[in-house]
Amino acid sequence: MDGASMDRVRDVTLWVNGERVSRRVAVRTHLVDFLRVELELTGSHLGCEQGVCGACTVRVDGVAVRGCLMLAVQADGARVETIEGLSDSGAIADLQAAFHARNALQCGYCTPGMLVSAAELLAANPAPTRDEIRAHISGNYCRCTGYHAIVDAIETTAAARRGEGGAA
Amino acid sequence: MTGGDRQVFNNRTINKNAAPLNGDRARIQGEDTRKVKAPDFAYERPESLDQVFDLLERHGDEARILAGGQSLLATLNMRLSSPGLLVDIGRVPGLAGVARAGQTIRIGAMTRHCDLAAAPPVQAHLPLLARAVPHIAHPAIRNRGTIGGSVALADPAAELPACCLAMGATMVLASRGGERRVAAADFFQGLFRTVLEPHELLAAIEVPVPPAGSVAGFDELARRHGDYAIVGLAAQGVPAGAGWQGLALAFFGADDRPVLATAAAAVLAEGGGIAAAQAALDRDLDPPGDLNGDPATKRHLARVLLGRVVGAMAEGR
Ligand SMILES: Cc1cc2nc3c(=O)[nH]c(=O)nc-3n(C[C@H](O)[C@H](O)[C@H](O)COP(=O)(O)OP(=O)(O)OC[C@H]3O[C@@H](n4cnc5c(N)ncnc54)[C@H](O)[C@@H]3O)c2cc1C
Ligand code: FES
Ligand code: FES
């Protein structure tokens with residue numbers, strides 16, 4: 001490898017779903033390509049790769065980010081959580097069950113990103129209004145459901161977590 | 001279960017055999033021709049301002065600062081730009097955070113949108129910023145995007161440049177030779193153009209603490225929550241009888257840069273009322289047509305916004 005290309009790859013170490021991972025990556029690789037191609041974690045999706053659709057939303061150091069607008073090298077040293085990890089841990093099992101019950105997913109392409117966004121809202125605001133829910137998921141496109149069922153599922157989950165099961 | 005359910009609930013663990021460390025060079029470095037991806041570039045992550053200045057001096061126009069990446073990485077993915085080197089300032093100490101010193105609030109360039117709105121000095125003294133931030137993009141983008149990136153990019157439809165103008169902010173530009181300060185009104189030069197030189201970094205934004213009694217107003221018209229505005233207005237001033245003191249009306253999405261509507265503000269300052277100010281707006285704004293509407297539409301929308309925002313400010317909302 002000549003000197004010119006050495007600065008185009010970089011060794012990174014990060015924690016993905018609690019597991020330590022070290023890899024050499026091309027610096028231009030964004031986080032979701034790294035997760036999908038390098039780690040074969042294909043739950044994070046790519047729709048637009050320009051920050052518009054939200055299908056790539058993952059958690060980095062505890063906050064939801066666009067995985068297509070972050071380079072894998074920028075995640076060096078970070079804790080990354082994907083839908084696979086969130087599912088395994090059971091942390092959002094109630095939200096996932098509500099999505100299922102309310103038919104808040106059809107093709108499922110938007111769902112991993114939608115769940116990461118919704119989980120962040122519920123953690124920050126235990127009693128969001130429907131308007132607040134809509135504003136919060138405004139950056140997550142769904143081409144199937146028409147959103148109504150998704151808002152229902154998030155609202156139901158919030159109510160259940162407050163101990164008001166059966167509301168909404 | 002539908003296919004969708006499987007996508008969500010099918011748990012997987014990391015495939016440890018997928019790519020051995022230092023493995024298949026062709027695959028790691030190779031041009032991935034299957035999809036349109038960011039062009040190849042070099043990447044440096046300096047850990048001090050001195051290192052940043054070294055890189056900017058050495059690479060000149062070829063180097064591009066990477067802050068939150070929420071605009072830059074999107075344009076790279078679309079291959080609208082192909083810098084030779086990205087200089088990631090995300091880990092340079094001292095660039096993030098909001099602090100008050102006397103009558104000035106200093107906002108570090110790397111302060112992310114989400115932290116800006118929540119910062120105590122902003123909550124206490126700069127309600128204009130707290131109101132504007134929820135209109136910027138969407139939560140996941142606000143978690144990464146920075147005020148410095150937004151101001152340096154100078155998108156004419158962006159919220160924060162207009163807020164800087166309305167608040168009378170000063171941009172602090174740093175380079176090897178030291179710092180220089182440029183008023184917001186002189187900083188923005190046109191469509192995505194500022195006075196920033198290639199060897200300079202926007203280090204901070206200094207905002208004067210508004211005088212007692214100051215009120216802020218903010219609103220924008222967009223097709224969808226989180227979209228860039230068609231037209232927007234950031235305003236700040238102190239009510240004085242029927243008029244105003246120090247009233248600044250900064251429109252965005254109305255020209256190639258944020259614009260102070262000085263004629264309309266002068267009418268309001270003298271107690272001339274909203275209708276007269278709306279009429280005066282024609283002297284302040286000369287909006288180009290774009291995909292969101294022709295100049296006449298934009299002028300109309302600007303008048304509507306002026307009525308709403310100043311009306312709300314006068315009522316103390
Ligand atoms: C879908 C989508 C919707 C959006 N909607 C809006 C919106 O409604 N309103 C809005 O205002 N923004 C919007 N944005 C942009 C977002 O706010 C960005 O965060 C912001 O414009 C750029 O900040 P950044 O930190 O991400 O900068 P980057 O993308 O990292 O950089 C942007 C530019 O500024 C330069 N730069 C960055 N920091 C500095 C510095 N300190 N000194 C000198 N140069 C610097 C970079 O070199 C680059 O040219 C949107 C983005 C997306 C993807
Ligand atoms: S793929 Fe990242 S926002 Fe669409
Ligand atoms: S379920 Fe198909 S895009 Fe949302």
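All heavy atoms count here, side chains included; hydrogens, waters and symmetry mates do not. Every chain is numbered from 1 and lettered A, B, ... according to where its sequence line falls, protein lines coming before strand lines.
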Residue A:Glu120 versus chain B: region with a heavy atom under 4.5 Å: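 Side chain only.
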
task: Could you tell me which portion of A:Ser117 (side chain, backbone, both or neither) has an atom closer than 4.5 angstrom to a non-hydrogen atom of chain B?
output: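 Neither part; nothing is under 4.5 Å.
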
Give the minimum heavy-atom separation between [X] and [Y], together with the two atoms involved.
{"X": "B:Ala140", "Y": "A:Thr57", "value": "CB-CG2, 4.4 Å"}
{"X": "A:Ser138", "Y": "B:His138", "value": "OG-ND1, 2.9 Å"}
{"X": "A:Gln74", "Y": "B:Tyr43", "value": "CG-OH, 4.0 Å"}
{"X": "B:Pro139", "Y": "A:Ala135", "value": "CD-O, 4.5 Å"}

Distance (rounded to the nearest 0.5 Å) between [X] [atom1] and [Y] [atom2]:
{"X": "A:Gln50", "Y": "B:Gln70", "atom1": "CD", "atom2": "CD", "value": "13.0 Å"}
{"X": "B:Arg144", "Y": "A:Arg66", "atom1": "CZ", "atom2": "CZ", "value": "13.0 Å"}
{"X": "A:Leu46", "Y": "B:Lys37", "atom1": "CG", "atom2": "NZ", "value": "5.0 Å"}
{"X": "A:His136", "Y": "B:His225", "atom1": "NE2", "atom2": "NE2", "value": "10.0 Å"}

- prompt: Around B:Gln123, counting heavy atoms of other residues, nucleotides and ligands shown, do more than 12 lie under 6.0 Å from its CD?
  reply: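 Enclosed.
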
- prompt: Judged by atom type as modelled, is there a donor-acceptor pair below 3.5 Å linking the side chain of B:Arg45 to the main-chain atoms of A:Val73?
  reply: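 Yes, B:Arg45 side chain to A:Val73 backbone: donor-acceptor pair under 3.5 Å.
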
message: Can you tell me which residue among B:Asn77, B:Leu73, B:Leu76 is in a side-chain contact (heavy atoms from CB on, under 4.5 Å) with A:Glu49?
response: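 Only match with A:Glu49 under side-chain contact (heavy atoms from CB on, under 4.5 Å): B:Asn77.
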
field: Heavy-atom check, side chain of B:Leu86 versus side chain of A:Leu71, under 4.5 Å
entry: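 A side-chain contact under 4.5 Å exists here.
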
query: chain A heavy atoms under 4.5 Å from B:Arg142: which part of the residue, side chain, backbone, both or neither?
result: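 For B:Arg142, neither part sits under 4.5 Å from chain A.
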
query: Checking heavy atoms, do the side chain of B:Leu85, its backbone, both or neither come under 4.5 Å from chain A?
result: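 Nothing of B:Leu85, per the 4.5 Å heavy-atom cut-off to chain A.
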
field: Among the listed options A:Val65, A:Leu121, A:Asp76, A:Val52, the residue most often paired with chain B at heavy-atom distances under 4.5 Å
entry: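 The option with the most such pairs is A:Asp76.
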
